[in-house]
Amino acid sequence: DSGVTQTPKHLITATGQRVTLRCSPRSGDLSVYWYQQSLDQGLQFLIQYYNGEERAKGNILERFSAQQFPDLHSELNLSSLELGDSALYFCASSAGTSGGNYNEQFFGPGTRLTVL
Amino acid sequence: AQSVTQLGSHVSVSEGALVLLRCNYSSSVPPYLFWYVQYPNQGLQLLLKYTTGATLVKGINGFEAEFKKSETSFHLTKPSAHMSDAAEYFCAVSDKGTGGFKTIFGAGTRLFVKA
């Protein structure tokens, strides 16, 4: 158990819909990262937040957005869903005292999103 | 721009044989390098990391990796494979770019262990 929790574990929805994925980092970790894992794209870094502020951005679509709340949990919002958005979405956290992610990242179990 | 190349999407070894998973990276600044393992239906777990100092890094479950700057490589090895090592392995590089620290993962190598 990494200490990172993600809900829900599975999510099935239809094209055009909007969903919210939730992540609670390990106790004390300030940085949260979101990743998308699919068979054709592999593991893609989406975005990083550090203590409530966006710190780094990867291959995140404009239809996707994220935020980190004062209690440090994070949410990833996916809108206007397409079939190709079906994937595993991982959240990871690290202590990242300086905001840098060279620290070890602890991954949650993931949310499997299926868009029908 | 940083990148990671893992040679071989699938590697198959016999139980007790040497495991060698290859990783080459590119980075414009001194990188931080990682190996993660992903077991079925689970998230990624850190095996080992190189940040600074000794170039031979030992990790969990008997794995180790050597940072070779001249070869821009960070290959993962284990002297003797166990059935429980069957999983997917990801090499990752992290460095500080204009947008802050970013971690790029390789495409992954699935390790099969034959009895």
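Proteins come first, then strands; the chains are lettered A, B, ... in the order of their sequence lines, and each starts at number 1. Atoms considered below: every heavy atom in the structure, side chains included; atoms not considered: hydrogens, waters and symmetry mates.
- Rounded to the nearest 0.5 angstrom, B:Gln42 CD and A:Asp1 CG are separated by 10.5 Å.
- Transitive grouping of hydrophobic side chains (ILVMFWY, heavy atoms separated by less than 4.5 Å) keeps A:Phe106 and B:Leu46 in distinct clusters.
- Using a 4.5 Å cut-off between heavy atoms, B:Gln45 makes no contact with chain A at all.
- No single ILVMFWY cluster, assembled from side-chain heavy atoms under 4.5 Å apart, contains both B:Leu47 and B:Tyr32.
- Residues of residues 108-116 of chain A lying within less than 4.5 angstrom of chain B, judged on heavy atoms, are A:Gly108, A:Pro109 in numerical order.
- Going from atom CG of A:Asn59 over to atom CD1 of B:Ile104 covers 7.0 Å, rounded to the nearest 0.5 Å.
- B:Leu56 CG: more than 12 foreign heavy atoms inside a 6.0 Å radius.
- Contact check for A:Gln105 versus B:Tyr36: side-chain heavy atoms found under the 4.5 Å cut-off.
- Cluster annotation: B:Phe105 and B:Leu48 are assigned to distinct hydrophobic clusters (Ile/Leu/Val/Met/Phe/Trp/Tyr, side-chain heavy-atom contacts under 4.5 Å, transitive).
- Residues A:Phe90 and B:Leu44 approach most closely at CE1-CD1, 4.5 Å, considering heavy atoms.
- Note: the hydrophobic cluster containing A:Leu76 also contains A:Val19 (ILVMFWY, side chain heavy atoms under 4.5 Å, direct or indirect links).
- Each of A:Leu46 and A:Val4 belongs to its own hydrophobic cluster when Ile, Leu, Val, Met, Phe, Trp and Tyr are linked at side-chain heavy-atom distances under 4.5 angstrom.
- Only the side chain of A:Gln37 comes within contact range of chain B, with at least one heavy atom under 4.5 Å from a heavy atom of that chain.
- Surrounding CG of B:Asn41 are at most 12 heavy atoms belonging to other residues, nucleotides or ligands under 6.0 Å away.
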